[in-house]
Amino acid sequence: MKLDVVLGLQWGDEGKGKIVDVLAGQYPAVARFQGGPNAGHSLHFEGKSFVLRSIPSGIFRKDAINIVGNGVVLDPITFKGECENIAKTGVPVKDRIVIAKKAHLILPTHRLLDAANEAAMGKGKIGSTLKGIGPTYTDKISRNGLRVGDILAPDFRDRFNRLKERHIRQLAQLGYECDPEAEEAAFMDAVEFIKGFTLVDCEYFVNETLKTKSILAEGAQGSMLDVDYGSYPFVTSSSTICAGACTGLGVSPSQIGHVYGIFKAYCTRVGSGPFPTELFDETGEKLRRLGNEFGAVTGRPRRCGWLDLVALKYTVMLNGVTDLIMMKSDCLDSFGTIKVCTSYKVDGKETDRVPFDTYTEIEPVYTEFKGWNADLTWCRKESELPEEFKEYIRFMEEYLGVPIRIISIGPDRDATIMR
Ligand code: IMO
Ligand code: MG
(Lines give C-alpha, C1' and ligand atoms only; values in the text may rest on other atoms or scores of the structure.)
(Ligands and ions follow the chains in the order given, each with its own letter.)
Protein backbone atom coordinates (compact mmCIF):
# COMPACT_ATOMS: atom_id res chain seq x y z
CA MET A 1 0.00 0.00 0.00
CA LYS A 2 1.03 3.61 -0.43
CA LEU A 3 1.75 6.65 1.66
CA ASP A 4 -0.33 9.43 0.11
CA VAL A 5 0.70 12.92 1.11
CA VAL A 6 -1.46 15.98 1.49
CA LEU A 7 0.28 19.30 1.97
CA GLY A 8 -0.06 23.06 1.63
CA LEU A 9 1.46 24.71 -1.45
CA GLN A 10 1.47 28.30 -0.22
CA TRP A 11 2.35 29.94 3.13
CA GLY A 12 0.16 27.73 5.31
CA ASP A 13 -3.52 28.09 6.19
CA GLU A 14 -4.64 26.61 2.88
CA GLY A 15 -7.41 24.60 4.50
CA LYS A 16 -5.47 21.38 5.11
CA GLY A 17 -7.54 20.41 8.16
CA LYS A 18 -10.79 20.30 6.22
CA ILE A 19 -9.35 18.28 3.36
CA VAL A 20 -7.56 15.76 5.56
CA ASP A 21 -10.82 15.34 7.44
CA VAL A 22 -12.68 14.75 4.13
CA LEU A 23 -10.00 12.35 2.81
CA ALA A 24 -9.47 10.64 6.18
CA GLY A 25 -12.68 8.70 5.62
CA GLN A 26 -10.80 6.72 2.93
CA TYR A 27 -7.66 6.09 5.00
CA PRO A 28 -7.26 3.77 7.99
CA ALA A 29 -4.31 5.85 9.22
CA VAL A 30 -3.32 9.54 9.20
CA ALA A 31 0.17 10.75 10.14
CA ARG A 32 1.70 14.13 10.91
CA PHE A 33 5.34 14.19 9.76
CA GLN A 34 6.67 17.66 10.70
CA GLY A 35 5.90 20.88 12.51
CA GLY A 36 4.15 21.12 15.83
CA PRO A 37 1.65 23.35 17.58
CA ASN A 38 2.48 26.21 15.18
CA ALA A 39 -0.12 24.47 12.98
CA GLY A 40 -3.80 25.23 13.37
CA HIS A 41 -5.92 22.87 11.32
CA SER A 42 -9.61 23.80 11.45
CA LEU A 43 -12.33 21.19 11.08
CA HIS A 44 -16.06 21.87 10.75
CA PHE A 45 -18.67 19.14 10.74
CA GLU A 46 -22.13 18.45 12.14
CA GLY A 47 -22.29 22.04 13.40
CA LYS A 48 -19.11 21.63 15.47
CA SER A 49 -15.70 23.29 15.00
CA PHE A 50 -12.25 22.22 16.18
CA VAL A 51 -8.73 23.54 15.73
CA LEU A 52 -6.09 20.81 15.80
CA ARG A 53 -2.50 21.70 16.62
CA SER A 54 -0.43 18.51 17.00
CA ILE A 55 -3.08 15.84 16.61
CA PRO A 56 -3.61 14.48 13.08
CA SER A 57 -6.92 15.43 11.46
CA GLY A 58 -8.12 11.80 11.32
CA ILE A 59 -8.93 11.90 15.04
CA PHE A 60 -12.70 12.20 14.56
CA ARG A 61 -12.90 9.20 12.22
CA LYS A 62 -13.83 5.96 13.94
CA ASP A 63 -11.16 3.25 13.63
CA ALA A 64 -8.52 5.59 12.15
CA ILE A 65 -5.02 5.39 13.65
CA ASN A 66 -3.42 8.81 14.10
CA ILE A 67 0.35 8.86 14.10
CA VAL A 68 2.41 11.72 15.54
CA GLY A 69 5.56 11.07 13.53
CA ASN A 70 9.33 11.34 14.10
CA GLY A 71 9.63 14.69 12.35
CA VAL A 72 7.10 16.39 14.62
CA VAL A 73 8.04 18.53 17.63
CA LEU A 74 5.63 17.84 20.46
CA ASP A 75 4.70 20.23 23.25
CA PRO A 76 3.34 18.00 26.04
CA ILE A 77 1.37 20.85 27.62
CA THR A 78 -0.45 21.86 24.42
CA PHE A 79 -0.93 18.24 23.43
CA LYS A 80 -2.55 17.37 26.74
CA GLY A 81 -4.89 20.36 26.49
CA GLU A 82 -5.83 19.41 22.96
CA CYS A 83 -6.52 15.79 23.93
CA GLU A 84 -8.66 16.79 26.90
CA ASN A 85 -10.72 19.13 24.74
CA ILE A 86 -11.38 16.42 22.16
CA ALA A 87 -12.01 13.73 24.79
CA LYS A 88 -14.93 15.85 26.06
CA THR A 89 -16.78 14.98 22.85
CA GLY A 90 -16.46 11.28 23.64
CA VAL A 91 -13.52 10.54 21.31
CA PRO A 92 -11.27 7.85 22.84
CA VAL A 93 -8.04 9.77 22.10
CA LYS A 94 -5.67 7.30 23.77
CA ASP A 95 -6.96 4.50 21.51
CA ARG A 96 -6.68 6.55 18.35
CA ILE A 97 -3.22 8.17 18.69
CA VAL A 98 0.25 6.68 18.65
CA ILE A 99 3.34 8.85 19.19
CA ALA A 100 6.81 8.40 17.70
CA LYS A 101 9.49 7.94 20.34
CA LYS A 102 11.90 9.89 18.13
CA ALA A 103 9.71 13.00 17.97
CA HIS A 104 11.41 15.87 19.82
CA LEU A 105 9.96 17.53 22.91
CA ILE A 106 9.22 21.23 23.15
CA LEU A 107 10.22 22.39 26.65
CA PRO A 108 8.72 25.49 28.27
CA THR A 109 12.15 27.11 27.91
CA HIS A 110 12.08 26.48 24.14
CA ARG A 111 9.02 28.71 24.00
CA LEU A 112 10.78 31.38 26.06
CA LEU A 113 13.79 31.20 23.74
CA ASP A 114 11.51 31.65 20.74
CA ALA A 115 10.17 34.87 22.29
CA ALA A 116 13.66 36.01 23.31
CA ASN A 117 15.07 35.43 19.81
CA GLU A 118 12.21 37.31 18.20
CA ALA A 119 12.53 40.20 20.65
CA ALA A 120 16.26 40.38 19.92
CA MET A 121 15.62 40.60 16.16
CA GLY A 122 13.43 43.67 16.53
CA LYS A 123 12.10 44.80 13.16
CA GLY A 124 13.72 41.89 11.34
CA LYS A 125 11.72 39.32 13.30
CA ILE A 126 10.29 36.25 11.57
CA GLY A 127 6.83 36.68 13.05
CA SER A 128 7.05 33.23 14.63
CA THR A 129 4.00 31.72 16.30
CA LEU A 130 6.13 31.67 19.52
CA LYS A 131 5.41 27.99 20.12
CA GLY A 132 9.10 27.10 20.50
CA ILE A 133 9.38 25.51 17.06
CA GLY A 134 12.67 27.11 15.94
CA PRO A 135 14.58 26.52 19.22
CA THR A 136 13.37 22.89 19.43
CA TYR A 137 14.50 22.06 15.89
CA THR A 138 17.75 23.94 16.61
CA ASP A 139 18.41 21.63 19.57
CA LYS A 140 17.50 18.62 17.45
CA ILE A 141 19.98 19.51 14.71
CA SER A 142 22.70 20.55 17.15
CA ARG A 143 22.15 17.20 18.94
CA ASN A 144 21.03 18.59 22.27
CA GLY A 145 17.32 17.77 22.10
CA LEU A 146 15.12 15.52 24.21
CA ARG A 147 12.85 13.03 22.54
CA VAL A 148 9.49 11.55 23.49
CA GLY A 149 11.10 8.15 24.16
CA ASP A 150 13.42 9.80 26.69
CA ILE A 151 10.53 10.37 29.09
CA LEU A 152 10.70 6.65 29.92
CA ALA A 153 14.39 6.82 30.92
CA PRO A 154 15.12 6.75 34.68
CA ASP A 155 17.35 9.83 34.37
CA PHE A 156 14.83 11.89 32.34
CA ARG A 157 14.63 14.53 35.05
CA ASP A 158 18.42 15.02 35.01
CA ARG A 159 18.49 15.31 31.25
CA PHE A 160 15.62 17.77 31.38
CA ASN A 161 17.49 19.86 33.96
CA ARG A 162 20.68 19.89 31.88
CA LEU A 163 18.82 21.17 28.83
CA LYS A 164 16.91 23.69 30.92
CA GLU A 165 20.18 25.03 32.41
CA ARG A 166 21.55 25.42 28.91
CA HIS A 167 18.46 27.38 27.92
CA ILE A 168 18.69 29.57 31.02
CA ARG A 169 22.24 30.53 30.00
CA GLN A 170 21.02 31.36 26.49
CA LEU A 171 18.12 33.42 27.83
CA ALA A 172 20.50 35.36 30.06
CA GLN A 173 22.75 36.06 27.08
CA LEU A 174 19.78 37.47 25.22
CA GLY A 175 18.92 39.59 28.26
CA TYR A 176 15.40 38.18 28.30
CA GLU A 177 13.61 38.45 31.61
CA CYS A 178 11.32 35.56 32.46
CA ASP A 179 10.72 32.80 34.97
CA PRO A 180 12.11 29.65 33.30
CA GLU A 181 10.48 27.40 35.88
CA ALA A 182 6.95 28.82 35.72
CA GLU A 183 5.54 25.97 33.64
CA GLU A 184 7.73 23.14 34.84
CA ALA A 185 5.08 21.48 36.99
CA ALA A 186 2.54 21.59 34.15
CA PHE A 187 5.18 20.15 31.81
CA MET A 188 5.98 17.20 34.11
CA ASP A 189 2.29 16.57 34.59
CA ALA A 190 1.78 16.50 30.80
CA VAL A 191 4.77 14.16 30.43
CA GLU A 192 3.00 11.70 32.77
CA PHE A 193 -0.12 12.08 30.61
CA ILE A 194 1.88 11.16 27.49
CA LYS A 195 3.07 7.96 29.17
CA GLY A 196 -0.53 6.76 28.88
CA PHE A 197 -0.25 6.67 25.06
CA THR A 198 1.24 4.00 22.83
CA LEU A 199 4.77 5.20 22.07
CA VAL A 200 6.15 3.59 18.92
CA ASP A 201 9.23 3.17 16.80
CA CYS A 202 7.50 5.16 14.10
CA GLU A 203 9.61 3.87 11.20
CA TYR A 204 8.76 0.23 12.02
CA PHE A 205 5.17 1.05 12.84
CA VAL A 206 4.58 2.95 9.60
CA ASN A 207 6.30 0.41 7.34
CA GLU A 208 4.46 -2.44 9.05
CA THR A 209 1.14 -0.63 8.65
CA LEU A 210 1.87 0.03 4.95
CA LYS A 211 1.98 -3.73 4.33
CA THR A 212 -1.80 -3.86 4.65
CA LYS A 213 -3.12 -0.30 4.82
CA SER A 214 -2.60 3.00 3.06
CA ILE A 215 -1.64 5.98 5.17
CA LEU A 216 -2.39 9.64 4.61
CA ALA A 217 0.50 11.93 5.59
CA GLU A 218 -0.77 15.35 6.69
CA GLY A 219 1.59 18.24 6.12
CA ALA A 220 1.59 21.33 8.30
CA GLN A 221 2.52 24.88 7.27
CA GLY A 222 3.12 25.27 3.53
CA SER A 223 5.85 24.69 0.94
CA MET A 224 6.71 28.40 0.79
CA LEU A 225 7.59 28.13 4.51
CA ASP A 226 9.95 25.16 3.94
CA VAL A 227 13.31 25.64 5.66
CA ASP A 228 15.23 24.81 2.46
CA TYR A 229 13.03 26.08 -0.36
CA GLY A 230 10.82 28.72 1.23
CA SER A 231 11.52 32.44 1.50
CA TYR A 232 14.46 31.98 3.90
CA PRO A 233 14.88 33.26 6.60
CA PHE A 234 11.13 33.94 6.76
CA VAL A 235 10.27 30.27 7.03
CA THR A 236 9.49 27.67 9.63
CA SER A 237 12.22 25.28 10.83
CA SER A 238 11.08 22.01 9.25
CA SER A 239 10.85 20.29 5.86
CA THR A 240 7.29 21.04 4.86
CA ILE A 241 7.59 19.55 1.38
CA CYS A 242 6.80 16.00 0.28
CA ALA A 243 10.36 14.82 0.92
CA GLY A 244 9.77 15.71 4.58
CA ALA A 245 7.15 12.95 4.77
CA CYS A 246 9.90 10.38 4.02
CA THR A 247 12.33 11.62 6.68
CA GLY A 248 9.56 12.53 9.10
CA LEU A 249 8.00 9.07 9.08
CA GLY A 250 10.88 6.81 8.08
CA VAL A 251 9.56 5.65 4.70
CA SER A 252 11.35 5.42 1.37
CA PRO A 253 10.42 7.71 -1.55
CA SER A 254 9.20 4.66 -3.51
CA GLN A 255 6.36 4.27 -1.01
CA ILE A 256 4.83 7.64 -1.88
CA GLY A 257 1.59 7.43 -3.89
CA HIS A 258 -0.60 10.46 -4.53
CA VAL A 259 0.68 13.88 -3.60
CA TYR A 260 -2.30 16.13 -2.96
CA GLY A 261 -1.33 19.79 -3.15
CA ILE A 262 -3.71 22.22 -1.48
CA PHE A 263 -3.96 25.87 -2.41
CA LYS A 264 -6.37 28.70 -1.78
CA ALA A 265 -7.94 30.56 -4.70
CA TYR A 266 -6.03 33.61 -3.41
CA CYS A 267 -2.97 33.96 -1.16
CA THR A 268 -2.44 34.70 2.51
CA ARG A 269 0.57 34.92 4.74
CA VAL A 270 1.03 35.48 8.48
CA GLY A 271 4.29 36.77 9.86
CA SER A 272 7.02 38.58 7.96
CA GLY A 273 8.59 37.88 4.58
CA PRO A 274 8.07 38.46 0.88
CA PHE A 275 4.59 38.30 -0.62
CA PRO A 276 4.67 39.64 -4.20
CA THR A 277 0.89 39.74 -4.77
CA GLU A 278 0.00 41.24 -1.39
CA LEU A 279 -2.83 43.79 -1.52
CA PHE A 280 -2.81 46.81 0.77
CA ASP A 281 -6.10 48.21 -0.52
CA GLU A 282 -9.82 47.56 -0.15
CA THR A 283 -9.60 44.39 -2.22
CA GLY A 284 -7.17 42.91 0.30
CA GLU A 285 -9.46 44.00 3.10
CA LYS A 286 -12.42 42.36 1.35
CA LEU A 287 -10.51 39.07 0.94
CA ARG A 288 -9.62 39.10 4.63
CA ARG A 289 -13.23 39.70 5.60
CA LEU A 290 -14.83 37.18 3.22
CA GLY A 291 -12.21 34.53 3.90
CA ASN A 292 -12.18 35.24 7.63
CA GLU A 293 -8.42 35.42 7.37
CA PHE A 294 -7.38 35.60 10.99
CA GLY A 295 -4.89 33.11 12.46
CA ALA A 296 -6.40 29.96 14.00
CA VAL A 297 -3.46 29.79 16.44
CA THR A 298 -2.50 33.39 17.11
CA GLY A 299 -5.60 35.34 15.98
CA ARG A 300 -3.35 37.63 13.92
CA PRO A 301 -4.93 39.17 10.80
CA ARG A 302 -3.47 37.41 7.77
CA ARG A 303 -1.92 39.37 4.92
CA CYS A 304 -4.02 38.83 1.78
CA GLY A 305 -3.40 39.02 -1.97
CA TRP A 306 -4.19 37.56 -5.38
CA LEU A 307 -3.24 34.03 -6.36
CA ASP A 308 0.44 33.69 -7.26
CA LEU A 309 0.82 31.05 -9.98
CA VAL A 310 4.60 31.54 -10.24
CA ALA A 311 5.03 30.47 -6.61
CA LEU A 312 2.40 27.76 -7.03
CA LYS A 313 4.12 26.24 -10.06
CA TYR A 314 7.37 26.24 -8.06
CA THR A 315 5.84 24.29 -5.17
CA VAL A 316 4.00 21.90 -7.52
CA MET A 317 7.48 21.09 -8.89
CA LEU A 318 9.12 20.71 -5.46
CA ASN A 319 6.47 18.28 -4.29
CA GLY A 320 5.72 16.34 -7.46
CA VAL A 321 2.04 17.13 -6.96
CA THR A 322 -0.24 14.60 -8.68
CA ASP A 323 -3.60 16.10 -7.65
CA LEU A 324 -4.48 19.71 -6.91
CA ILE A 325 -7.10 20.75 -4.39
CA MET A 326 -8.49 24.27 -4.58
CA MET A 327 -9.92 25.85 -1.44
CA LYS A 328 -12.12 28.85 -0.71
CA SER A 329 -13.14 29.58 -4.31
CA ASP A 330 -16.46 30.78 -2.87
CA CYS A 331 -14.65 33.72 -1.23
CA LEU A 332 -14.18 35.16 -4.74
CA ASP A 333 -17.91 34.97 -5.57
CA SER A 334 -18.53 38.71 -5.42
CA PHE A 335 -15.49 40.05 -7.31
CA GLY A 336 -16.18 41.62 -10.74
CA THR A 337 -12.60 40.93 -11.86
CA ILE A 338 -10.30 38.22 -10.55
CA LYS A 339 -6.56 38.47 -11.02
CA VAL A 340 -3.87 35.80 -10.99
CA CYS A 341 -0.14 36.48 -11.12
CA THR A 342 1.36 34.62 -14.08
CA SER A 343 4.91 36.05 -14.06
CA TYR A 344 7.20 38.33 -12.08
CA LYS A 345 9.02 41.42 -13.29
CA VAL A 346 12.47 41.62 -11.72
CA ASP A 347 14.87 44.42 -12.75
CA GLY A 348 12.60 45.17 -15.71
CA LYS A 349 12.75 41.58 -17.00
CA GLU A 350 9.87 39.12 -16.93
CA THR A 351 10.50 35.72 -15.34
CA ASP A 352 8.45 32.71 -14.28
CA ARG A 353 10.95 31.69 -11.57
CA VAL A 354 11.05 32.44 -7.87
CA PRO A 355 14.25 34.49 -7.30
CA PHE A 356 16.99 33.39 -4.86
CA ASP A 357 17.13 36.59 -2.89
CA THR A 358 14.28 37.05 -0.46
CA TYR A 359 14.73 40.82 -0.64
CA THR A 360 14.43 41.07 -4.44
CA GLU A 361 11.89 43.69 -5.58
CA ILE A 362 9.21 41.80 -7.48
CA GLU A 363 6.46 43.34 -9.57
CA PRO A 364 3.67 40.84 -10.22
CA VAL A 365 2.31 40.57 -13.79
CA TYR A 366 -1.37 39.64 -13.77
CA THR A 367 -3.83 37.87 -16.04
CA GLU A 368 -7.40 38.99 -15.43
CA PHE A 369 -10.58 36.94 -15.41
CA LYS A 370 -14.22 37.98 -15.42
CA GLY A 371 -15.79 37.14 -12.05
CA TRP A 372 -18.65 34.64 -11.89
CA ASN A 373 -20.79 36.76 -9.55
CA ALA A 374 -22.74 33.76 -8.29
CA ASP A 375 -22.96 31.90 -5.00
CA LEU A 376 -20.79 28.79 -5.32
CA THR A 377 -21.59 27.48 -1.85
CA TRP A 378 -24.74 25.74 -3.11
CA CYS A 379 -22.96 23.80 -5.86
CA ARG A 380 -22.40 20.11 -5.22
CA LYS A 381 -21.73 18.94 -8.78
CA GLU A 382 -19.33 20.09 -11.47
CA SER A 383 -22.27 20.75 -13.82
CA GLU A 384 -23.68 23.34 -11.39
CA LEU A 385 -20.55 25.51 -11.54
CA PRO A 386 -20.76 28.78 -13.51
CA GLU A 387 -19.03 28.91 -16.91
CA GLU A 388 -16.66 31.77 -15.87
CA PHE A 389 -15.49 29.68 -12.94
CA LYS A 390 -14.85 26.65 -15.16
CA GLU A 391 -12.81 28.87 -17.48
CA TYR A 392 -10.71 30.01 -14.50
CA ILE A 393 -10.08 26.38 -13.47
CA ARG A 394 -9.11 25.35 -17.02
CA PHE A 395 -6.55 28.16 -17.16
CA MET A 396 -4.95 27.09 -13.89
CA GLU A 397 -4.79 23.43 -14.84
CA GLU A 398 -3.07 24.33 -18.06
CA TYR A 399 -0.58 26.68 -16.40
CA LEU A 400 0.29 24.22 -13.63
CA GLY A 401 0.10 21.04 -15.71
CA VAL A 402 -1.76 19.14 -12.96
CA PRO A 403 -5.50 18.40 -12.68
CA ILE A 404 -7.60 20.05 -9.96
CA ARG A 405 -9.35 17.04 -8.39
CA ILE A 406 -11.20 18.63 -5.51
CA ILE A 407 -12.86 22.03 -5.26
CA SER A 408 -13.92 23.25 -1.84
CA ILE A 409 -16.68 25.84 -1.79
CA GLY A 410 -17.30 26.19 1.96
CA PRO A 411 -15.85 25.15 5.32
CA ASP A 412 -18.15 22.20 5.96
CA ARG A 413 -17.25 18.61 5.06
CA ASP A 414 -20.15 18.50 2.57
CA ALA A 415 -19.18 21.65 0.70
CA THR A 416 -16.78 19.71 -1.51
CA ILE A 417 -16.87 18.84 -5.22
CA MET A 418 -14.88 15.77 -6.28
CA ARG A 419 -13.87 15.70 -9.93
P1 IMO B 1 -0.75 25.66 9.37
O2 IMO B 1 -0.35 24.24 9.49
C3 IMO B 1 0.56 29.73 8.59
C4 IMO B 1 4.53 30.93 10.00
C5 IMO B 1 4.61 31.94 11.12
C6 IMO B 1 5.93 32.61 10.82
C7 IMO B 1 6.79 31.47 10.31
C8 IMO B 1 7.68 30.84 11.37
O9 IMO B 1 -1.90 26.08 10.19
O10 IMO B 1 -0.91 26.05 7.94
P11 IMO B 1 7.24 29.26 13.46
O12 IMO B 1 6.32 29.42 14.64
O13 IMO B 1 6.96 28.05 12.65
O14 IMO B 1 8.68 29.39 13.83
O15 IMO B 1 6.92 30.54 12.54
O16 IMO B 1 5.88 30.50 9.82
N17 IMO B 1 3.71 29.74 10.29
C18 IMO B 1 2.50 29.51 9.76
N19 IMO B 1 1.73 30.25 8.95
N20 IMO B 1 0.11 28.53 8.95
C21 IMO B 1 0.87 27.73 9.73
O22 IMO B 1 0.52 26.47 10.00
C23 IMO B 1 2.10 28.23 10.22
N24 IMO B 1 3.07 27.75 11.02
C25 IMO B 1 4.05 28.67 11.05
O26 IMO B 1 3.53 32.84 11.06
O27 IMO B 1 5.79 33.54 9.78
MG1 MG C 1 -2.66 27.99 10.47
Side-chain angles (χ1 to χ4, degrees), residues 5-21 30 32-43 49-57 68 71-75 78 82 104 106 110-119 121 124-141 217-241 244-245 248 261-264 267-275 278 291-304 315 325 327-328 358 411:
V5 184
V6 51
L7 40 76
L9 296 176
Q10 295 161 320
W11 287 278
D13 305 324
E14 297 89 351
K16 294 177 288 291
K18 163 173 169 170
I19 288 303
V20 180
D21 176 57
V30 181
R32 278 278 303 268
F33 58 89
Q34 48 68 235
N38 48 348
H41 295 176
S42 309
L43 273 59
S49 295
F50 291 92
V51 178
L52 297 175
R53 313 279 300 278
S54 314
I55 295 177
S57 301
V68 177
V72 170
V73 287
L74 189 72
D75 183 334
T78 328
E82 210 180 326
H104 278 247
I106 303 178
H110 279 129
R111 257 187 278 132
L112 296 174
L113 274 171
D114 209 354
N117 287 334
E118 285 280 81
M121 280 198 271
K125 69 176 184 175
I126 306 295
S128 144
T129 59
L130 304 179
K131 304 299 170 199
I133 306 297
T136 306
Y137 279 115
T138 301
D139 275 346
K140 171 177 174 172
I141 301 298
E218 172 183 9
Q221 289 78 55
S223 301
M224 292 303 282
L225 290 172
D226 181 78
V227 67
D228 284 282
Y229 298 102
S231 43
Y232 193 88
F234 301 103
V235 293
T236 190
S237 299
S238 66
S239 289
T240 60
I241 59 171
I262 308 188
F263 69 101
K264 268 195 289 218
C267 285
T268 63
R269 178 164 199 164
V270 260
S272 324
F275 183 178
E278 182 168 12
N292 190 25
E293 296 296 351
F294 296 89
V297 174
T298 57
R300 292 179 289 181
R302 296 178 184 145
R303 300 157 64 192
C304 296
T315 55
I325 300 176
M327 309 301 292
K328 292 187 133 175
T358 299

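One-based numbering, in listed order, for ligands and for the atoms of each.
Under the 4.5 Å side-chain criterion, counting only non-hydrogen atoms from C-beta, S42 is in contact with V51. Under the 4.5 Å side-chain criterion, counting only non-hydrogen atoms from C-beta, K328 is in contact with E293. In this structure, I55 and H41 have side chains that are not in contact, with every pair of non-hydrogen atoms separated by 4.5 Å or more. In this structure the side chain of D75 never reaches within 4.5 angstrom of the side chain of K131, judged on heavy atoms. Residues I19 and E14 have side chains not in contact (no heavy-atom distance under 4.5 Å, counting atoms from C-beta outward). Looking only at side-chain heavy atoms (C-beta outward), I133 and I106 come within less than 4.5 Å of each other. Taking the side chain as every heavy atom from C-beta outward, F33 and V5 approach each other to under 4.5 Å. In this structure, W11 and C267 have side chains that are in contact, with non-hydrogen atoms separated by less than 4.5 Å.
Evaluated by nearest non-hydrogen atom to atom 18 (C) of ligand 1, the leading choice among N117, L225, V51, N38 is L225. Nearest to atom 6 (C) of ligand 1 by heavy atom, out of G127, G271, G295, is G127.
Annotation: the span from E218 atom CD to Q34 atom CD amounts to 9.5 Å, rounded to 0.5 Å. Atoms OG and NZ, on S57 and K18 in that order, are 13.0 Å from each other to the nearest 0.5 Å.
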Practice problem: Evaluate the side-chain contact (heavy atoms from CB on, under 4.5 Å) criterion for residues F275 and S231: first the C-alpha distance (whole Å), next the side-chain angles of each, then the deciding distance (0.1 Å), finally the verdict. | Solution: CA-CA 9 Å; F275 183 178; S231 43; over 6 Å; no
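Listed by number with element, the atoms of ligand 1 under 4.0 angstrom from any heavy atom of W11 are 3 (C), 19 (N). Atoms of ligand 1 lying under 4.0 Å from any heavy atom of A39, numbered from 1 in the order shown and given with element: 1 (P), 2 (O), 9 (O), 22 (O). Heavy-atom contacts of A220 reach the following atoms of ligand 1: 2 (O) (cutoff under 4.0 Å). Numbered from 1 in the order shown, with element, the atoms of ligand 1 that lie under 4.0 Å from a heavy atom of K16 read 1 (P), 2 (O), 10 (O).
Looking at F234 against ligand 1, nothing comes within 4.0 Å, counting heavy atoms. Of the heavy atoms in R300, only side-chain atoms (C-beta onward) come closer than 4.0 Å to ligand 1. Of the heavy atoms in K131, none comes closer than 4.0 Å to ligand 1. The proximity of H41 to ligand 1, defined as any non-hydrogen pair under 4.0 Å, is limited to the side chain.
Taking distances strictly below 2.8 Å, the protein N/O/S atoms close to the Mg ion (ligand 2) are D13 OD1.
For D114, no nitrogen or oxygen atom sits less than 3.5 Å from a nitrogen or oxygen atom of ligand 1, counting backbone and side chain alike.
Nearest to atom 23 (C) of ligand 1 among the protein's heavy atoms is Q221 CG, 3.6 Å. At the shortest separation from atom 8 (C) of ligand 1 among protein heavy atoms lies V235 O, 3.4 Å. Looking only at protein heavy atoms, the nearest one to atom 13 (O) of ligand 1 is T236 OG1, 2.6 Å. If you check which protein heavy atom lies closest to atom 9 (O) of ligand 1, you get G40 N, 2.9 Å. Counting only heavy atoms of the protein, atom 12 (O) of ligand 1 lies nearest to T129 OG1, 2.5 Å. Nearest non-hydrogen protein atom to atom 27 (O) of ligand 1 is V270 O, 3.1 Å. Protein heavy atom in closest approach to atom 15 (O) of ligand 1: S128 CA, 3.4 Å. For atom 20 (N) of ligand 1, the closest non-hydrogen atom on the protein side is D13 OD1, 3.1 Å.
Between E278 and R303 there is a salt bridge, since at least one side-chain N of the basic residue sits less than 4.0 Å from a carboxylate O of the acidic one.
Counting only N and O atoms by type, the side chains of D139 and H104 include no donor and acceptor under 3.5 Å apart. A donor-acceptor contact closer than 3.5 angstrom links the side chains of D114 and S128.
Under the 3.5 Å distance criterion, the side-chain polar atoms of S54 are left unmatched by any main-chain donor or acceptor of G36.
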